[in-house]
Amino acid sequence: MCTLFDEIEKEGRLKGKEEGREEGKAEEIVETGLEFHLSEGEILDRLQRKLGLSLIKAQEYYHRYSRQTV
């Protein structure tokens, strides 16, 4: 028998996996964009279109992952 706490834990794990996938995809988009010498604006546009992100969230990912590859 599932308890409410089991359901909450399960939902939390699923949300964590989804967020992890989004971060992984964002990292790949930024790294690939930089490898192909795309501008920051082009990379931000790709992040927004491909992942359905707001500009602010796309900028957060860009700044986080562009620093790692430099």
Quick test of your reading: applying salt bridge (charged side-chain N to carboxylate O under 4.0 Å, His left out), list the pairs with at least one residue in residues 33-43, sequence neighbours left out, ordered by first then second residue.
none
Could you pull out the closest heavy-atom pair between Val30 and Leu47, with the gap in Å?
CG2-CD1, 4.0 Å
What distance do Lys57 atom NZ and Leu51 atom CG have between them, rounded to the nearest 0.5 Å?
11.0 Å
What pair of heavy atoms forms the shortest contact from Tyr61 to Leu53, and how long is it?
CD1-CD1, 3.6 Å
What pairs with Leu55 under side chain to side chain contact (heavy atoms under 4.5 Å, CB included), at least two apart in sequence or on another chain?
Leu44, Gln48, Gln59
Ion pair Lys25/Glu22, N-O distance below 4.0 Å
no
With the side chain counted from C-beta on, respond yes when Leu34 and Tyr62 share a heavy-atom pair under 4.5 Å apart, and no when they do not.
yes
Just verifying a value: how many Å separate Glu23 CD and Tyr65 OH, rounded to the nearest 0.5 Å?
4.5 Å
Approximate separation, where rounding is to 0.5 Å, of Asp45 CG and Leu38 CG:
10.5 Å
